Amino acid sequence: MRTVYVNGEYLPENEAKISVFDRGFLMADGVYEVTSVLDGKLVDFEGHAKRLERSLHELDMASPVTTDELLAIHRELVQVNQLNEGGIYLQITRGAPADRDFAFPDPEETPSSIVLFTQAKNLANAPSAQTGISVISIEDIRWGRRDIKTVQLLYPSMGKMMAKKAGADDAWMVEDGQVTEGTSNNAYIVKGRKIITRQLSNDILHGITRAAVLRLAKEAQMEVEERGFSIEEAQGADEAFITSATTFVQPVVTIDGSSVGTGQPGKIALRLREIYIEESRKKAL
Ligand code: PLP
């Protein structure tokens, strides 16, 4: 049984409770982060803490904890749950007012709710990193502030189900003919030694792994071009891959049933994965 953190308390997972009036539950009025854990240490905690701060700020939501407290809670959960590899899920919502109401409650009267829990998972040796994954394309019908990491994940969940039904692993979302991102990851193609990924804007989540991987790619003398691309261009590329905190870098080998490059995981994607894991292990804290 896991120990989880809820509003200042560490509790067994079956004793932790959140109000039925919590706005995260009623309105998806909340933000989240997932920080990966390698060798019992946190990968890029600072990046996740900064993005959390930004998400909270954009929604005018107060944080119930400081960044130092957040780090201490993450570390405590890793320790009490003896987590060697996996992730820590963190969610902050606008709290539980006395009744359901569309208007935001007064933060002086209704403090934000905060929940954290650990998830053990095989990250570095995930089998899908060796085989590569298949994706289908679906229309991106999400709201216009995808840069904020909110808990409104119904459409991404539906996207995963559409992929599953089609016998694929994930879906890439397309808007105005161009790929925005995967349901829970950023999307890339490779042409020669050039890595192409959509530019940052409100249309996509500003992936913490994306930032690290693009920096490492540049350090490894690879060229990076931040621009949109279509499904047709991706199908004709040499390689494709995704990044996220819990998948790191994973090759994409088919898109809508069409093989990318040789149909095998690409060299550049696998090299970036290797460099990323190596650096993450070194810098994790
Ligand atoms: N894009 C979306 C829609 C996501 O949900 C995620 C992660 O959950 C990402 C991109 C990747 O972000 P990160 O690398 O910070 O995990």
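Numbering of ligands and ligand atoms starts at 1, following listing order. Sequence positions, counted from 1, serve as the residue numbers for this chain. Remember, predicted model here, so these are calculated numbers, not experimental data.
Distance alone, capped at 3.5 Å, places no donor-acceptor pair between the N185 side chain and the S244 backbone. Distance alone, capped at 3.5 Å, is enough to place a donor-acceptor pair between the S55 side chain and the K149 backbone. Between the side chain of T3 and the main chain of L11, no donor-acceptor pair closer than 3.5 Å is present. In this structure, the side chain of T209 engages the main chain of A245 through a donor-acceptor pair within 3.5 Å.
Below 3.5 Å of separation, one finds an N or O of A245 facing an N or O of ligand 1. Note: no N/O pair closer than 3.5 Å links H48 and ligand 1 by distance alone. For the pair R142 and ligand 1, the shortest N or O to N or O distance does not fall below 3.5 Å. The N/O atoms of T209, backbone and side chain alike, include one that comes under 3.5 Å of an N/O atom in ligand 1.
Under the 3.5 Å distance criterion, with hydrogens and angles disregarded, no donor-acceptor pair is assigned to the side chains of K121 and S36. Side chains of D203 and T180: a donor-acceptor N/O pair is absent below 3.5 angstrom, by distance only.
Which parts of ligand 1 touch S244 is read off a 4.0 Å heavy-atom cut-off, strictly below it: atoms 11 (C), 14 (O), 16 (O). Interface atoms of ligand 1 facing N186, defined by a heavy-atom separation under 4.0 Å, are 10 (C), 11 (C).
A salt bridge between K218 and E223 is absent, with no side-chain N of the basic residue lying under 4.0 Å from a carboxylate O of the acidic one.
Counting heavy atoms under 4.0 Å from ligand 1, residue T183 touches it through the backbone alone. Here N185 has backbone heavy atoms under 4.0 Å from ligand 1, and that is the only part of it that gets that close.
Scanning all protein heavy atoms for the shortest distance to atom 12 (O) of ligand 1 gives G207 CA, 3.5 Å. The protein heavy-atom contact nearest to atom 1 (N) of ligand 1 is E181 OE1, 2.6 Å. The closest protein non-hydrogen atom to atom 8 (O) of ligand 1 is K149 NZ, 2.8 Å. If you check which protein heavy atom lies closest to atom 13 (P) of ligand 1, you get I208 N, 3.6 Å.
Residue nearest to atom 6 (C) of ligand 1, selected from A211, S184, A212: S184 (by heavy-atom distance). The residue among R51, M173, R210 with a heavy atom at the shortest distance from atom 15 (O) of ligand 1 is R51.
Ring geometry for Y10 versus Y5: interplanar angle over 60°, hence perpendicular rather than tilted (30 to 60°). The aromatic rings of H74 and F45 lie perpendicular to each other, with more than 60° between the two planes, well past the 30° mark.
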